Amino acid sequence: MLDIKLIRSNPEKVKQALAARRVQVDIDALLVLDQKRRDLQAQVEELKSERNTVSEDIGRLKREKQDASQMIMQMKSVSEKIKTMDEQVRELELQLQSVLLTIPNLPNEVVPIGNDDADNKEVRRWGEPTTFGFEPKPHWDLGETLDILDFARGGKVAGARFTVYKGMGARLERALINFMLDLHTGEHGYKEIFPPFLVNAESMTGTGQLPKFEEDLYKLREGNYYLIPTAEVPVTNLHRDEILAKDDLPIYYSAYTACFRSEAGAHGRDTRGLIRQHQFNKVELVKFVEPEGSYEELEKLTHDAEDVLKQLGLPYRVITLCTGDLGFSSAKTYDLEVWLPSYNAYKEISSCSNFEDFQARRASIKYRPDSKSKTEYVHTLNGSGVAVGRTVAAILENYQQEDGSILIPEVLRPYMGGIEKIILNDK
RNA sequence: GGAGAGAUGGCCGAGUAGGUCGAAGGCGCUCGCCUGCUAAGCGAGUAAGCGGUUUCAAGCUGCUUCGGGGGUUCGAAUCCCCCUCUCUCCGCCA
């Protein structure tokens, strides 16, 4: 959420930043609403002030056994007036709030201006696209041939965009989760979190999924619960409505969760294989930091995610998203894209963002910079560290051998019972 | 699912025959004093949100907030209703 005070004091800057994002927001109408609300609030508060002082007088008179009926009569009508005005103020506040909640974050000024993903800028590459001395196969073929991925039965048991992992396929998925968590907790300083996979509407609002993107979410019929689309939601909301101690910062969390996405609007895209599923696994990185260092923290977080791909020996590149491609809550985002031979292209496998105080303001996550000063919003960041299903796809495709077997990256072998490759008939 | 108890400031914890309670006391924290240093001791300060004033901040000031929502009342932490969560006991269950 944007600070209404910022919009008030600097409307032109806000308009420009939102225009760079290619979104339409009627800032002037918002300001009119804000002015109305403040005027009315000032009026009610004056009446309330009067009521407070007179009520005190009434109390005093009563204690002195004097007559106060005159004053009581008078205050009765004042109270009625207050009641109706309070309702009007609340109505205006709700209107204001509902608009504010649908305005995206302002891009940081370093973010390249652009319309869509074609305008994203490559930052760096690591490794070279894998070359083969034979015709490489896509992971969906490899997975089926090796009998480690079963798309047909995923479709039968659940539906389109669900996959069953079997044998060493299931083992590989589990190995990756453990490898990633061990790396982030053991070497990068994150604390492991295992959160609920279902959250309430307040949490979804706190990180920005609601109210605007409800159609992307699965909602349960009972009990106001949503399936999480990413661990970002439960983990960031861990500290919703809290004032953190300065000494607690920075906080680094890493969490494995399943993620659930309706993929509304993605019909026909990435229909084959593991790339776009309704349910997938992800290890997420979440940070709560002081505002001053948050962009350094974004660099570090991105490198922590990159480290996963480096250790797995998967070629990738880092791009910075342009203003038009930026996610709703983000001020700046790096995407990590892994080389996928079947796409003959780099494909997103991680997204690392600095939300600055956008989520913190929505979720009310604060800290006290020093013991004497007022509370301030923290900055929140997160990134995939990394998407597990897409990593499986990348390993299958980049590590495939001519005989159809899959070489296992060395760092993963301890997690795979010591085996070096996945071959057919593995149990 | 049934029965009962509870939810107060950064933390702990008083406060319910409605008024002087934004709230005793303690811990923690900050500043000062004391001290060779540390500890102890002494004194003072220390909630948040939204407005107004102010170039900004500080300061001053108004309003709101004692789990959330609604009601009664001139006036509610205190009374009434609904909801959520936590704890205890019973039942069921991975």
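None of the values given here were measured: they were computed from a predicted structure. Below, chain A is the first sequence line, B the second, and so on; all start at residue 1.
- Remark: A:Phe358 engages A:Phe328 in a ring-ring contact (aromatic ring centres under 6.0 Å, His included) (not counting sequence neighbours).
- The salt bridge (charged side-chain N to carboxylate O under 4.0 Å, His left out) contacts involving residues 39-59 of chain A comprise A:Lys48-A:Asp86, A:Asp57-A:Arg60, where partners must be two or more places apart or lie in separate chains.
- A donor-acceptor contact closer than 3.5 angstrom links the side chains of A:Tyr295 and A:Glu356.
- Nearest to the side-chain atoms of A:Arg37 among the listed nucleotides B:rG49, B:rG51, B:rC74 stands B:rG51.
- With sequence neighbours excluded, no residue forms a ring-ring contact (aromatic ring centres under 6.0 Å, His included) with A:His379.
- Proximity of residues 82-96 of chain A to RNA chain B (heavy atom under 4.0 angstrom from any strand atom) is restricted to A:Lys83, A:Arg90.
- Using a 4.0 Å cut-off between charged side-chain N and carboxylate O, A:Asp34 and A:Arg38 make a salt bridge.
- Between A:Leu172 and A:Leu412, some side-chain heavy-atom pair lies under the 4.5 Å cut-off.
- One atom, CG of A:Asp241, and another, C1' of B:rG9, lie 15 Å apart when rounded to the nearest Å.
- Looking at heavy-atom distances under 4.0 Å, A:Lys62 makes contact with a base.
- For the pair A:Glu202 CD and B:rG69 P, the interatomic distance rounds to 12 Å; values are reported in whole Å.
- Residue A:Thr375 is classed as a sugar-phosphate contact, given heavy-atom separations below 4.0 Å to backbone atoms only.
- Separation of the C1' atoms belonging to B:rC81 and B:rG10 is 33 Å when rounded to the nearest angstrom.
- A salt bridge is defined here as a Lys NZ or Arg NE, NH1 or NH2 lying under 4.0 Å from an Asp or Glu carboxylate O, and A:Arg240 with A:Glu202 fails to meet this definition.
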How does protein reach along nucleotides 57-66 of chain B, written 5' to 3' as B (base within reach of a heavy atom under 4.0 Å), S (only sugar-phosphate), or - (no contact)?
-> -S---BBS--
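- The NZ atom of A:Lys246 sits 13 Å away from the P atom of B:rU30 (whole-angstrom rounding).
- Taking the nucleotide of RNA chain B with the nearest heavy atom to each of A:Tyr377 and A:Met75, the more 5' of the two is matched to A:Tyr377.
- Counting any heavy atom pair closer than 4.0 Å across all strands shown, A:Arg361 reaches no nucleic acid atom.
- Residue contacts shown for A:Lys5 are limited to sugar-phosphate atoms, with no base heavy atom under 4.0 Å away.
- Taking a cutoff of 4.0 Å between a charged side-chain nitrogen and a carboxylate oxygen, A:Lys246 and A:Glu290 qualify as a salt bridge.
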Given the rule that a pair is Watson-Crick or G-U wobble with both distances under 3.5 Å, how would you write RNA chain B in dot-bracket, using | for pairs to a different strand?
-> ((((((((.[[[..)...(.....]]]((((((.......))))))(((((((.....))))))).[[[[[..)....]]]]])))))))....
